[in-house]
Amino acid sequence: MDALLNGNSTFLELVNGWLGYIVKHDYSKATYASYSSKLRHLLQYVGHIKLNELTREELQSIFVLIEMEKISPNTIGNIYSITKKVFHFAIKMGVMKENITDHLVLPKRKPYVPKVYRKLEVTRLLSLTKGSKLDIPVTLAVNVGLRRGEILSLQWKDIDFVHNTILVNKGTSAPDVDHFPKSDSSIRLLKLPKKVGNMLKDHLVEQKNSFLKFGITHDVNTLLFCKNDATRYNATSLNKMFKKLLIDNKLPIIRFHDLRHTYATMAHNNGMPVKHLSRSLGHSTPAITVEQYVHI
DNA sequence: CACGCCCATAGTTCAGAAGC
DNA sequence: GCTTCTGAACTATGGGCGTG
């Protein structure tokens, strides 16, 4: 720590100290990026103010200003929880006495209600993607309920055509391309629906042929869904391609991740027990499944 | 122009803790 | 036991930019 941090330091200096000395070391890169960008909302108003001149009332008025920027209540909640950590750090470092983030009044967070496709729209979507680049990711999302990051990092060694299973044990997150599961319960061995298995078999043959043509090695580490040169697609590109497909074909606009919600809703409506569905999605408890994914 | 990458920032997911 | 809150890590979106 720059032993220089004291009551006369500015809020900006405090934030930089916390980000650089704590967050950079103890948290993931994605979290670091998320924290620093959210703190900018505060810095624009109070970055220059000295710590011993910052008051709870002032902080409260800053949150009102942020609300006026049309930032959603959920995001304001996020900004608040990060801010609280910053001041907690200040207290720990002995540069502030009380945590001025206590008892602030904030807008209530609202649950997100995803859009899901009905059977008819799913059928239409699948007929559109058939044979196209998006065939694999869309099918895996809508028929197996995989997350985007899980699809992007699936390798052929994760597919077992003998036992008809698919092993989900890694993910890909923006802005990095790190591999990690969302949580321990996200690691799971799933049954591969017959039609998906068949589709993957066909895809494997096609991919091998295409690789041969370009002189690229194909092995068990090859990604299921990748570009012609075997490299991974950028996660945001997948979203863009998906959205374009919907616009071009006048399908209702949903997010790629909503295909996972669609899968869950359909499975539930088809009578899949919640416990089973929860395992299939990789949730730690069935309560999450019911709360977040089943939209009738 | 279409495609794909990178970056910045907003918003969502989901586990675990806290509160009832 | 449940519901609600918190927080880390994820996904979404859009602009800019390079390539073909």
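Chain A is the first sequence line, chain B the second, and so forth, proteins listed ahead of strands; every chain is numbered from 1. Being a predicted model, the structure only gives us computed values, none of them experimental.
Ring geometry, Trp156(A) versus Phe161(A): the interplanar angle falls from 30° to 60°, so the pair is classed tilted.
A continuous path of ILVMFWY side-chain contacts below 4.5 Å connects Ile254(A) to Leu251(A), so both sit in one hydrophobic cluster.
Atom OH of Tyr35(A) is separated from atom C1' of dC10(C) by 12 Å (rounded to the nearest Å). For the pair Met241(A) CE and dC3(B) P, the computed distance is 9 Å after rounding to whole Å. Between the NE2 atom of His261(A) and the C1' atom of dC14(B) there is a distance of 11 Å, rounded to whole Å. When the C1' atom of dG11(B) is taken as reference, atom CG of Asp258(A) falls 13 Å away, rounded to whole Å. The separation between Asn78(A) atom CG and dC14(B) atom C1' is 13 Å, rounded to whole Å.
Within the nucleic acid shown, Ser72(A) comes within 4.0 Å of sugar-phosphate atoms alone, with no base atom in reach, counting heavy atoms only. Within the nucleic acid shown, Ile71(A) comes within 4.0 Å of sugar-phosphate atoms alone, with no base atom in reach, counting heavy atoms only. Here Lys84(A) lies in heavy-atom contact (under 4.0 Å) with sugar-phosphate atoms only.
Between Lys244(A) and Thr75(A), the residue anchored nearer the 5' end of DNA chain B, judged by the nucleotide with its closest heavy atom, is Lys244(A). Nearest-nucleotide positions on DNA chain C place Tyr80(A) closer to the 5' end than the other of Ser34(A) and Tyr80(A).
For the residue pair Asn221(A) and Lys157(A), a side-chain donor N or O sits within less than 3.5 Å of a side-chain acceptor on the partner.
No hydrogens or angles were tested; on distance alone, nothing pairs the side chain of Asn74(A) with the base of dT13(B) as donor and acceptor under 3.5 Å. Side-chain atoms of Lys243(A) and base atoms of dG14(C) include no donor and acceptor less than 3.5 Å apart.
For Lys85(A), taking side-chain heavy atoms from C-beta onward, the closest of the listed nucleotides dT11(C), dA8(C), dG11(B) is dA8(C).
A donor-acceptor distance shorter than 3.5 angstrom exists from the side chain of Asn270(A) to the backbone of Met266(A), with no hydrogens or angles considered.
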